[in-house]
Amino acid sequence: MTKDFLDWPFFEDRHRALADELEAWCAANLDDEDHGDVDSACRTLVRKLGEGGWLSHCVPDANGRMDVRSLALIRETLARHSGLADFAFAMQGLGSGAISLFGSDAQKAAYLPAVANGGKIAAFALTEPESGSDVASIATTAEYADGGWVLNGTKTFISNGGIADFYVLFARTGEAPGAKGLSAFLVDRDAPGLDDRERIDVIAPHPLATLKMTDMRLPPQALLGEGGKGFAQAMATLDVFRTTVGAAALGFARRALDEATRRALSRRLGAGTLADNPITQSKLAEMVLDVETSALLIYRAAWLRDVLKRRNSREAALAKLHATDSAQSVIDKAVQLFGGLGVTRGVPVERLYREIRALRIYEGASEVQKVVIARAHLAEYRS
Ligand SMILES: Cc1cc2nc3c(=O)[nH]c(=O)nc-3n(C[C@H](O)[C@H](O)[C@H](O)COP(=O)(O)OP(=O)(O)OC[C@H]3O[C@@H](n4cnc5c(N)ncnc54)[C@H](O)[C@@H]3O)c2cc1C
C-alpha cells in the first residue's frame with residue numbers, strides 16, 4: 001500500500017514518524033482474527049495500547065491540546081490491522097473527551113492519566129431507547145437531593161458497556177426544556193443503582209450494553225463542567241472524534257482495497273488474471289478514487305482544527321459522511337472480487353463487510369451529517 005499521502009501538507013514530520021512507529025507496533029502486536037471473548041480481548045488491547053504509549057494521544061498534551069491528525073492517523077492504521085484495536089483506542093478518547101474538554105483539574109487528575117496508560121476503560125453514554133439521533137429528547141433524569149445527585153433512566157448501545165471503569169453519562173437536569181436542560185456526569189462503574197449487565201449482540205461483536213439507572217446516587221463532584229451545558233459538551237466531544245470515525249472507515253477501506261488487489265492479481269481468469277479484466281480494473285479505479293477522496297476530506301478536516309484552530313463541524317461531517325459511505329462501497333466491491341470466498345466467515349473482507357456497517361449509524365448517522373452540511377451551506381447563502 002502506498003503511503004504517499006503522508007507527504008501531503010496537512011502533516012508534519014512528527015506525523016510521518018508516528019505512522020511509521022505505529023505500523024511496526026501493529027505488525028508486532030496485533031492480529032485481525034475474530035475474537036471469541038471480546039471483553040477480555042478489549043481489556044488486553046487497552047492495556048497493550050496503553051503500554052505502547054498510543055493512548056496518550058487520546059488525552060490533551062502538556063499544552064492542553066489534542067491533535068486530531070494524530071488521532072486520525074492512529075485510527076486509520078489500527079483499523080487497517082484490527083477493528084477491535086481501533087475500537088479499544090477510539091473509546092478511550094470518546095469516553096474521556098468531555099473530561100479533557102470540560103473537566104475540573106481534580107476530575108482530569110483522577111481520570112486522564114489512567115485513560116492514557118490503559119489503567120481505566122472509558123465509555124460515553126448518550127443514547128437512550130427513545131433518544132438516538134434526537135439527543136435533545138434525552139429522558140434520563142438527574143435530581144439534586146440530600147447532598148448528591150440521583151439519576152433514573154436507561155442508556156442503550158453503550159460501547160464498552162459492562163467492561164468500562166467509568167461512564168461519562170448525559171442526563172436531564174432541567175435548567176431549560178430540550179437541549180438546554182442536559183448535564184454531563186462522571187459515573188464510576190460501582191455507582192450504587194447502576195446495572196450494566198444487559199449486553200447487546202451486534203454483527204461486528206464488541207462490548208456493548210444497556211445501562212439501567214435506578215435511584216443511582218452520585219456525589220456532587222460527579223457533575224462535569226457547568227450544569228445545563230451537557231448538549232453542547234456532547235456535541236463538542238463529537239466534533240473532535242467525528243473526523244476520526246471517518247479515519248477508521250478509511251483504514252477498513254484501505255485494507256479491503258489491498259486484499260482485493262492482491263486477490264485480483266493472483267486469481268486466474270481465462271488466459272490471464274482477474275486483474276487483467278477491464279471490469280475489474282474499473283472497480284479498482286473506483287475503489288482508489290473513494291479511498292483518496294476520503295483521505296483528503298479527513299485530513300483536511302483534522303488540519304483545519306489543529307492548525308487553523310477553526311471549528312470544523314461542516315468539514316468533519318463531510319469527512320465522516322463520505323468516508324463511511326464510500327468505505328461500505330469499497331468493501332462491497334472487494335467482497336465481489338473475492339467471489340464465494342468473500343462471504344466465507346473469517347476471510348478479512350467478510351469481517352470488514354460486517355465491521356463497516358455501524359460506522360454509518362453511530363456518532364451521527366449519514367443523514368444527520370447531511371443535515372449539518374446542508375445547514376452550514378444554506379447559512380452561507382442566507383447571511
Ligand atoms: C455499534 C454501535 C455502537 C454505539 N456506541 C455508542 C456509544 O458508545 N455511546 C452512545 O451514546 N451511543 C452509541 N451508539 C448509538 C448510536 O449513536 C445511535 O444508534 C445513533 O445515534 C442513531 O440513533 P438510533 O439508533 O436511536 O436511531 P434513530 O435516531 O431512530 O435513527 C434511525 C435512522 O433514522 C435516520 N435519521 C435519523 N435522524 C435523521 C434526520 N435528522 N434526518 C433524516 N434521517 C434521519 C437515519 O437513517 C438513522 O439511522 C452506538 C450504536 C451502535 C450501532
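In each ligand, atom 1 is the first atom listed, and ligand 1 is the first ligand listed. Please read all numbers here as calculations on a predicted model, not as lab measurements. Excluded from the calculations below are hydrogen atoms, water molecules and symmetry mates; all remaining heavy atoms, backbone and side chain alike, are included.
By the definition of a contact as any protein heavy atom under 4.0 Å away, atom 46 (C) of ligand 1 is in contact. In this structure, atom 33 (C) of ligand 1 has its sub-4.0 angstrom surroundings free of protein heavy atoms. Not a single protein heavy atom sits closer than 4.0 Å to atom 25 (O) of ligand 1. For atom 28 (P) of ligand 1, a protein non-hydrogen atom is found at a distance below 4.0 Å.
Ionic pairing of Arg354 and Glu350 is present here: one or more N-O contacts between side-chain nitrogen and carboxylate oxygen are shorter than 4.0 angstrom. The pair Asp67-Arg14 meets the salt-bridge criterion, with a side-chain N (NZ, NE, NH1 or NH2) lying under 4.0 Å from an Asp/Glu carboxylate O. Salt-bridge annotation for Glu286 and Lys333: present, with a side-chain N of the basic residue lying under 4.0 Å from a carboxylate O of the acidic one. Using a 4.0 Å cut-off between charged nitrogen and carboxylate oxygen, Arg69 and Glu12 count as a salt-bridge pair. Checked for salt-bridge contact, Asp165 and Arg189 miss the test: no charged N lies under 4.0 Å from a carboxylate O.
Of the protein's non-hydrogen atoms, Val371 CG2, 4.0 Å is the one closest to atom 41 (N) of ligand 1. Taking atom 6 (C) of ligand 1 as the reference point, the nearest protein heavy-atom neighbour is Phe157 O, 2.7 Å. Scanning the protein for heavy atoms near atom 37 (C) of ligand 1, the closest one is Ser133 OG, 3.2 Å. Among all non-hydrogen protein atoms, the one lying nearest atom 52 (C) of ligand 1 is Tyr362 CD2, 3.8 Å. The protein heavy-atom contact nearest to atom 3 (C) of ligand 1 is Ser159 OG, 3.4 Å.
Looking at Val368 against ligand 1, only its side chain comes within 4.0 Å, counting heavy atoms. No part of Val202 comes within 4.0 Å of ligand 1, judged by heavy-atom distances. Contacts with ligand 1 closer than 4.0 Å are made by side-chain heavy atoms of His206 only, the backbone lying farther away.
Scanning Arg360, Glu367, Glu355, Glu128 for the heavy atom closest to atom 36 (N) of ligand 1 points to Glu367. Of all the listed residues (Thr127, Leu238, Val135), Thr127 holds the heavy atom that lies closest to atom 18 (C) of ligand 1.
Of all the atoms in ligand 1, the ones that sit under 4.0 Å from a non-hydrogen atom of Ala358 are 1 (C). Residue Ile361 approaches ligand 1 through these ligand atoms, each under 4.0 Å from one of its heavy atoms: 19 (O), 20 (C). In the vicinity of Phe124, heavy-atom distances shorter than 4.0 Å reach the ligand 1 atoms 7 (C), 8 (O), 9 (N), 10 (C), 11 (O). Per-residue contacts place Leu208 under 4.0 angstrom from the following atoms of ligand 1 (heavy atoms of the residue considered): 3 (C). Close approach of ligand 1 to Ala365 (heavy-atom distance below 4.0 Å) involves ligand atoms 46 (C), 48 (C), 49 (O).
Shortest non-hydrogen contact noted between Thr173 and Gly228 is OG1-N, 4.1 Å.
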Please assess Phe89 against Trp54 for the test ring pair (Phe, Tyr, Trp, His ring centres under 6.0 Å), listing each intermediate value before the final yes or no. CA-CA 8 Å; Phe89 175 83; Trp54 304 109; 8.6 Å; no

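Considering backbone and side-chain atoms together, Leu94 places no N or O closer than 3.5 Å to any N or O of ligand 1. The N/O atoms of Ser131, backbone and side chain alike, include none that comes under 3.5 Å of an N/O atom in ligand 1. For ligand 1, one of its N or O atoms has an N or O atom of Leu126 under 3.5 Å away.
A cation-pi contact links Arg254 to Phe5, judged by a cut-off of 6.0 Å to the six-membered ring centre and 45° from its axis.
Counted by atom type alone, Asp276 and Thr273 present one or more donor-acceptor pairs between their side chains at under 3.5 Å.
Asn152 contributes a side-chain N or O that, together with a main-chain N or O of Asp215, makes up a donor-acceptor pair within less than 3.5 Å.
In terms of the ring pair (Phe, Tyr, Trp, His ring centres under 6.0 Å) criterion, residue partners of His15 (sequence neighbours excluded) are, by chain and number, Phe11. Scored by the side-chain hydrogen bond (donor to acceptor under 3.5 Å, both in side chains) test, Asn29 finds no partners at all (sequence neighbours excluded).
Tested against Pro207 for a side-chain contact (heavy atoms from CB on, under 4.5 Å), the candidates Ile158, Ile121, Ile163 yield a single pass: Ile163.
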